Number of protein chains: 2
Amino acid sequence: MPTEPLDATFAALADPTRRAILARLAAGEATVTELAAPFRMSQPAISKHLKVLERAGLVSRGRDAQRRPCRLQARPLRDAVAWLADYRDYWAESYQRLDALLDDLQTGGGPDDADPGPSAGQDGATPRSPDGRPG
Amino acid sequence: MPTEPLDATFAALADPTRRAILARLAAGEATVTELAAPFRMSQPAISKHLKVLERAGLVSRGRDAQRRPCRLQARPLRDAVAWLADYRDYWAESYQRLDALLDDLQTGGGPDDADPGPSAGQDGATPRSPDGRPG
DNA sequence: GGGTTACATAACCTTCTGGTTATCAAACCA
DNA sequence: TGGTTTGATAACCAGAAGGTTATGTAACCC
């Protein structure tokens, strides 16, 4: 059980079943059985995956009689992107496609500033010694 | 050992030591001993972490006499962001800060289109059944 | 050639992961 | 009241992750 938020987020995303669950939840709330349906996997297995997602803060749950509807909670995803954003200079390799991607990401905003540079914040990581952010 | 690229990428990022290593490499090439120095951890442990990063395609290695300099290879990070990008609608929670983040990400481009919608591509995941992308 | 530096590999251990089946609890339905 | 859904939990298991120490190997330096 990773204690740091980023650990938990990335670990949660590292499993294809969980990514698929998130994808499903992006289409709207769903119950456990609904989520479990597409998988050749037992219901308890899905419950476990949901618990991982919940502990990572990626999923929140409501109550509707016997049902426990799951809802996507994407803030940790944003934090993950924020971490990854510090590496944007190293994506330069193919800036064409990167620009396309970022245009897509931009959802229609109109920026006019130029590269303020990394925030030099804390990773929150502290593995056994250093923090971790690019310079 | 996760077989799917995204699995490997996210799994690699889930460890704080490895994130710190990537952060260090963002400052430039480094040898194994240089990378190991800041950690209270044995050299073989670092070698293992490097192997994980290498298999995830996040690090490539050269040769300089006895040394095996490591170089950051950030393309998988871009792919990870591409996956996360499909969830941008769900970051809406605090669009203020999101916009700031994306402006930062944008490194200075000037888009003028509005929300083309998810690419509906393949996750490549195929856990035990469905793929995974939001709608 | 012989020692040293830089790194990889092997063998081992412990803990976490991801799955299973079996069972239990709560709220519905008749 | 009793049965059915919906879901969580427990107990178990195999294999992967992350660490260790010990050892091997390649290239340098004298």
Side-chain angles (χ1 to χ4, degrees), chain A residues 1-4 7-22 24-25 29-56 58-71 125-129 132, chain B residues 1-4 7-22 24-25 29-56 58-71 125-129 132:
Chain A
M1 66 222 113
T3 177
E4 294 295 343
D7 292 21
T9 304
F10 284 128
L13 294 176
D15 186 282
T17 300
R18 288 193 290 264
R19 286 201 305 278
I21 288 177
L22 291 179
R24 166 64 185 79
L25 287 179
E29 273 196 10
T31 67
V32 176
T33 9
E34 283 167 359
L35 289 172
F39 298 96
R40 284 197 316 139
M41 198 183 302
S42 66
Q43 169 262 314
I46 299 294
S47 279
K48 279 195 182 181
H49 281 302
L50 286 174
K51 189 177 288 183
V52 171
L53 289 169
E54 203 176 359
R55 299 183 112 213
L58 285 161
V59 153
S60 65
R61 330 198 53 173
R63 179 169 281 285
D64 168 25
Q66 324 107 38
R67 263 145 274 132
R68 310 291 313 279
C70 301
R71 189 172 17 261
T126 314
R128 290 233 179 162
S129 202
Chain B
M1 68 215 114
T3 176
E4 294 295 343
D7 292 21
T9 304
F10 284 128
L13 294 176
D15 186 283
T17 301
R18 288 193 290 263
R19 285 201 306 278
I21 288 177
L22 291 180
R24 166 63 185 81
L25 288 180
E29 271 195 12
T31 68
V32 176
T33 8
E34 284 167 359
L35 289 172
F39 298 96
R40 284 199 316 140
M41 199 183 301
S42 66
Q43 168 262 312
I46 299 295
S47 279
K48 278 194 181 183
H49 281 302
L50 287 174
K51 189 178 286 184
V52 171
L53 289 169
E54 202 176 0
R55 298 183 113 214
L58 285 162
V59 153
S60 64
R61 329 199 53 174
R63 179 169 279 285
D64 167 26
Q66 323 106 41
R67 261 145 277 132
R68 310 293 313 279
C70 300
R71 191 175 10 264
T126 314
R128 289 233 180 163
S129 203

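All chains are named by letter (A, B, ...) in the order of the sequence lines, taking the proteins before the strands, and each is independently numbered beginning at 1. Owing to the predicted nature of the structure, the values given are computational and were not obtained by experimental measurement.
- Which of dA8(C), dG19(D), dT20(C) sits closest to the side chain of Lys48(A) comes down to dT20(C).
- Taking side-chain N and O atoms only, Arg67(B) has no distance below 4.0 Å to OP1 or OP2 of dC28(D).
- Atom CZ in Arg68(B) sits roughly 15 Å away from atom C1' in dT5(C) (whole-Å rounding).
- Under 4.0 angstrom from either OP1 or OP2 of dT9(C) there lies at least one side-chain N or O belonging to Lys51(B).
- For Arg61(B), whose side chain is taken as the heavy atoms from C-beta onward, the closest listed nucleotide among dA8(C), dT5(C), dG7(D) is dA8(C).
- Among dT6(D), dG18(C), dG19(D), the nucleotide with an atom closest to any side-chain atom of Thr17(B) is dG19(D).
- Taking side-chain N and O atoms only, Ser42(A) has no distance below 4.0 Å to OP1 or OP2 of dG19(C).
- Comparing dA10(D), dG18(D), dA6(C) against the side chain of His49(B) picks out dG18(D) as the nearest.
- The nucleotide whose nearest atom lies closest to any side-chain atom of Pro44(B) is, among dG7(D), dG19(C), dT9(C), dT9(C).
- One interatomic measurement links the two molecules: CD of Gln66(B) to C1' of dA8(C), which rounds to 14 Å at whole-angstrom precision.
- The listed nucleotides are dG7(D), dA22(C), dA8(C); the one nearest the side chain of Thr31(A) is dG7(D).
- In this structure, the CG atom of Asp64(B) is 9 Å from the P atom of dC7(C), given to the nearest Å.
- Using a 4.0 Å heavy-atom cutoff across all strands shown, Ala65(B) reaches sugar-phosphate atoms only and no base atom.
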